[in-house]
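Fair warning: this is a prediction, and the values are worked out from it, not measured in the lab.
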Amino acid sequence: MLWGRSRRDKVVVERFVAALNAHDADALENMAAEDFTYIDSWREGVRGRNKVMAAFRSLIAIDPGFGIEIDKIDWRDPHVLMSGRVNSQQFGSGRRAVWQVRVRDGLVAEFQAWAEGGPPPMSRMLAPTQAQDMSGRAAEKPEVG
């Protein structure tokens with residue numbers, strides 16, 4: 001049943017966002033699939049839970065105020081779509097953003113972000129030796145209903 005799956009996926013993503021905002025890398029790691037993929041606004045990404053978590057720890061080290069605020073959350077099979085704002089001491093607060101998250105077997109498998117106003121190339125900046133071109137895989141920016 002899609003309705004039940006949509007609710008379960010939203011709950012997983014809400015817990016993931018809460019852990020991200022709490023800067024709880026251990027909780028994030030426990031909620032991420034082993035092949036977890038992060039894709040940034042530049043359509044570059046990092047693959048592999050351990051690599052992405054190392055990049056997240058680097059982000060928190062340089063930007064201890066980093067967090068995201070979710071204004072709206074929706075579900076379109078197979079993704080949870082969110083819109084809101086990114087808050088960052090390093091890169092500017094209140095930047096509007098959209099996220100697309102795929103949950104697989106109760107774990108976050110992919111987290112793709114788009115932010116307004118020329119956001120920094122997060123993958124290349126936080127994991128320079130791990131960043132890959134994901135333009136063939138990355139989705140175009142979705143509209144959140």
Side-chain angles (χ1 to χ4, degrees), residues 1-127 130-132 134 137-145:
M1 170 183 253
L2 289 180
W3 185 79
R5 187 170 137 223
S6 71
R7 286 181 51 104
R8 285 189 305 271
D9 287 358
K10 284 181 188 178
V11 168
V12 169
V13 171
E14 288 168 345
R15 286 188 3 241
F16 192 84
V17 169
L20 184 145
N21 286 335
H23 302 172
D24 188 344
D26 293 335
L28 286 173
E29 194 166 354
N30 288 330
M31 289 185 263
E34 186 174 334
D35 63 346
F36 178 81
T37 302
Y38 168 77
I39 304 171
D40 66 20
S41 296
W42 290 70
R43 299 177 84 192
E44 295 177 332
V46 178
R47 247 181 240 191
R49 177 179 49 215
N50 294 340
K51 294 172 186 174
V52 175
M53 290 305 117
F56 176 73
R57 286 178 173 94
S58 295
L59 172 63
I60 297 313
I62 65 169
D63 194 354
F66 181 84
I68 65 176
E69 295 176 38
I70 305 304
D71 296 329
K72 187 167 190 172
I73 187 167
D74 199 0
W75 188 79
R76 287 193 203 126
D77 191 18
H79 297 103
V80 174
L81 304 175
M82 303 179 293
S83 62
R85 302 203 177 271
V86 174
N87 292 309
S88 167
Q89 294 168 335
Q90 185 76 20
F91 310 112
S93 285
R95 185 180 297 224
R96 287 188 317 212
V98 177
W99 300 272
Q100 176 174 281
V101 184
R102 189 168 46 89
V103 175
R104 185 182 66 236
D105 299 326
L107 298 172
V108 176
E110 185 173 283
F111 191 98
Q112 186 172 359
W114 296 266
E116 71 177 356
M122 299 299 282
S123 296
R124 197 176 332 145
M125 186 179 76
L126 298 173
Q130 305 299 323
Q132 303 174 26
M134 298 272 182
R137 174 181 175 171
E140 296 295 326
K141 178 181 171 186
E143 293 299 319
V144 179

Tell me, do Phe16 and Val101 make a side-chain contact under 4.5 Å, heavy atoms counted? no

Closest non-hydrogen contact found for Ala25 with Met53 is O-SD, 4.0 Å

Below 4.5 Å, heavy atoms only, C-beta onward: do Arg47 and Arg137 meet side chain to side chain? yes

In this structure, CD1 of Ile60 is separated from CD1 of Ile62 (nearest 0.5 Å) by 9.0 Å

Nearest-0.5 Å distance, CG of residue Leu107 to CD of residue Glu34: 10.5 Å

May I ask you to say whether Arg124 pairs ionically with Asp40, meaning some side-chain N is under 4.0 Å from a carboxylate O? no

Are Val46 and Phe36 close enough that some pair of their side-chain heavy atoms sits under 4.5 Å apart? no

Is Glu116 salt-bridged to Arg96, going by a charged N under 4.0 Å from an acidic O? yes

Would you say the side-chain atoms of Ser93 pair up with the backbone N or O of Gln89, donor to acceptor, closer than 3.5 Å? no

For the residue pair Ile68 and Leu20, establish whether any side-chain heavy-atom pair is separated by less than 4.5 Å. yes

Start with the C-alpha distance between Leu59 and Met122, add both sets of side-chain angles, then the distance that settles side-chain contact (heavy atoms from CB on, under 4.5 Å), and finish with yes or no. CA-CA 9 Å; Leu59 172 63; Met122 299 299 282; 3.6 Å; yes

Assess the residue pair Asp9 and Arg102 against the criterion (salt bridge (charged side-chain N to carboxylate O under 4.0 Å, His left out)); give the C-alpha distance rounded to whole Å, side-chain angles, the decisive distance to 0.1 Å, and a yes or no. CA-CA 8 Å; Asp9 287 358; Arg102 189 168 46 89; over 6 Å; no

Run the side-chain contact (heavy atoms from CB on, under 4.5 Å) test on Val12 and Met31 for me, step by step, so that the C-alpha distance in whole Å, both residues' side-chain angles and the decisive distance to 0.1 Å come before the verdict. CA-CA 8 Å; Val12 169; Met31 289 185 263; 5.6 Å; no

Dump the intermediate steps for side-chain contact (heavy atoms from CB on, under 4.5 Å) on Thr37 and Val52, then the final yes or no. CA-CA 7 Å; Thr37 302; Val52 175; over 6 Å; no

Can you find a side-chain donor-acceptor pair between Ser88 and Asp63 that sits under 3.5 Å? yes

Verdict with reasoning, Glu29 to Arg57, per side-chain contact (heavy atoms from CB on, under 4.5 Å): CA-CA 11 Å; Glu29 194 166 354; Arg57 286 178 173 94; 3.6 Å; yes

Hey, are the side chains of Trp75 and Leu81 touching, using non-hydrogen atoms and a 4.5 Å cut-off? no

According to the interplanar angle, ranging from 0 to 90°, do the rings of Tyr38 and Phe111 count as parallel (below 30°), tilted (30 to 60°) or perpendicular (above 60°)? parallel

Would a distance-only check, ignoring hydrogens and angles, find a side-chain to backbone donor-acceptor pair under 3.5 Å from Ser123 to Pro121? no

Measure across Arg95 and Ala115 and return the closest heavy-atom pair with its distance rounded to 0.1 Å. CD-CB, 3.6 Å

Flag the pair Phe66 / Asn87 as yes when at least one side-chain heavy-atom distance between them is below 4.5 Å, and no otherwise. no

Are any non-hydrogen side-chain atoms of Pro78 and Arg5 less than 4.5 angstrom apart? yes

About how many Å separate CD of Gln100 and OG of Ser83, when rounded to the nearest 0.5 Å? 13.0 Å

Report yes if the side chains of Asp35 and Arg49 come closer than 4.5 Å at any heavy-atom pair, otherwise no. no

Please check: side-chain N/O of Arg43 versus main-chain N/O of Met134, any donor-acceptor pairing under 3.5 Å? no

Show your reasoning for whether salt bridge (charged side-chain N to carboxylate O under 4.0 Å, His left out) applies to Arg15 and Asp24. CA-CA 11 Å; Arg15 286 188 3 241; Asp24 188 344; over 6 Å; no

